[in-house]
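The structure appears right after this line, and notes come after that.
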Amino acid sequence: IMLLHIPPGKTVAVYFKFSDPLTQLALPPNIQDIYEVDYFKAKGRTKFKFLLLGALFLPFLFFLIQYSIQKDLLTFYYLVFLLGSSMYLISILDQIPFFALTPRVLQMGETIGLFYTVGSLLSFVGLVMFIHMFLNIRESHHKIYRFGNIILTFFVFLVLIMLIDLSFF
């Protein structure tokens, strides 16, 4: 936001050039009036967004320390689930109007798509493996264990196809 104080009765010509830092192509400007009330509302939402992201970081840090001490596979799978869920949430915060991110982040569509794809993969695989381990499904329900592995394999294959598709664009 750039404030211009123009005295009454004066005329000022202002020229702007917006360019994409990667391609150096000129971008059409998006000039609109932002009222002070809306600016402070957006500032409050931004603080809330980063508070939420910080709240996601604390459990991840706790379980990372716990895993580094105990080397427990169950904690590892839960850590993978937390990492994937956090990446997924970060990628969809862009889609929710309440958490509208800056235009700079909106221009990184490939990165957001990558976070969405990898986050959903890690979240799903971590959750399924955590459930397999926690409920000891391998020994108690062998058919469910095999079905879960088939679903995991299919999901990993589907995500790999999505990642290959993202790399071409």
Side-chain angles (χ1 to χ4, degrees), residues 1 20-23 34 36-169:
I1 296 177
D20 186 6
L22 297 176
T23 61
I34 299 175
E36 194 170 347
V37 174
D38 295 333
Y39 174 73
F40 286 116
K41 282 182 183 178
K43 193 174 179 181
R45 285 194 295 264
T46 302
K47 286 181 184 178
F48 181 69
K49 174 181 59 181
F50 286 111
L51 180 69
L52 178 66
L53 293 177
L56 286 172
F57 179 71
L58 289 178
F60 179 77
L61 184 65
F62 171 76
F63 284 105
L64 183 65
I65 292 170
Q66 185 177 356
Y67 174 70
S68 65
I69 293 170
Q70 293 181 349
K71 303 289 187 211
D72 182 26
L73 200 55
L74 187 64
T75 307
F76 174 73
Y77 288 136
Y78 188 67
L79 193 63
V80 169
F81 169 71
L82 279 178
L83 177 66
S85 298
S86 299
M87 289 176 67
Y88 178 76
L89 183 61
I90 288 170
S91 69
I92 65 168
L93 282 180
D94 180 37
Q95 308 295 325
I96 302 170
F98 185 77
F99 291 111
L101 297 176
T102 62
R104 178 111 172 114
V105 175
L106 295 177
Q107 292 172 357
M108 301 186 317
E110 299 86 19
T111 307
I112 297 292
L114 183 67
F115 258 60
Y116 176 80
T117 307
V118 172
S120 59
L121 172 70
L122 290 176
S123 176
F124 185 72
V125 169
L127 181 64
V128 169
M129 294 307 292
F130 177 80
I131 290 171
H132 278 187
M133 213 69 196
F134 186 72
L135 298 177
N136 200 12
I137 290 180
R138 186 178 209 165
E139 282 85 31
S140 60
H141 297 77
H142 192 68
K143 289 182 181 179
I144 294 174
Y145 178 76
R146 283 191 304 175
F147 179 72
N149 283 344
I150 291 170
I151 295 293
L152 275 179
T153 306
F154 174 73
F155 191 72
V156 168
F157 182 70
L158 183 67
V159 167
L160 287 175
I161 290 174
M162 289 172 68
L163 286 174
I164 291 170
D165 189 39
L166 276 174
S167 68
F168 285 120
F169 294 108

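Everything numeric in this text was worked out from a predicted model, so none of it was measured.
Every residue meeting the side chain to side chain contact (heavy atoms under 4.5 Å, CB included) condition with Ser85, not counting sequence neighbours, appears here in chain and number order: Phe81, Ser123.
Tyr78 contributes atom OH, which lies 4.5 Å from atom CG of Leu82 (distance to the nearest 0.5 angstrom). Considering CG of Leu158 and OG1 of Thr153, their distance stands at 12.5 Å, rounded to 0.5 Å. Remark: Leu58 CG to Phe63 CZ distance equals 12.0 Å, nearest 0.5 Å. With rounding to the nearest 0.5 angstrom, the OH atom of Tyr77 is 12.5 Å from the CG atom of Leu122. Atom-to-atom distance recorded for Leu73:CG and Leu79:CG is 11.5 Å, nearest 0.5 angstrom.
Within a 6.0 Å sphere centred on CZ of Phe124, heavy atoms belonging to other residues, nucleotides or ligands number more than 12.
The minimum heavy-atom distance linking Leu121 with Phe155 is given by the pair CA-CE2, 3.6 Å.
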Distance-only donor-acceptor pairs under 3.5 Å for side chains of residues 125-144, two or more places apart:
{"unit_1": "Asn136", "atom_1": "ND2", "unit_2": "Glu139", "atom_2": "OE1", "d": "3.4"}
{"unit_1": "Ser140", "atom_1": "OG", "unit_2": "Asn136", "atom_2": "O", "d": "2.9"}

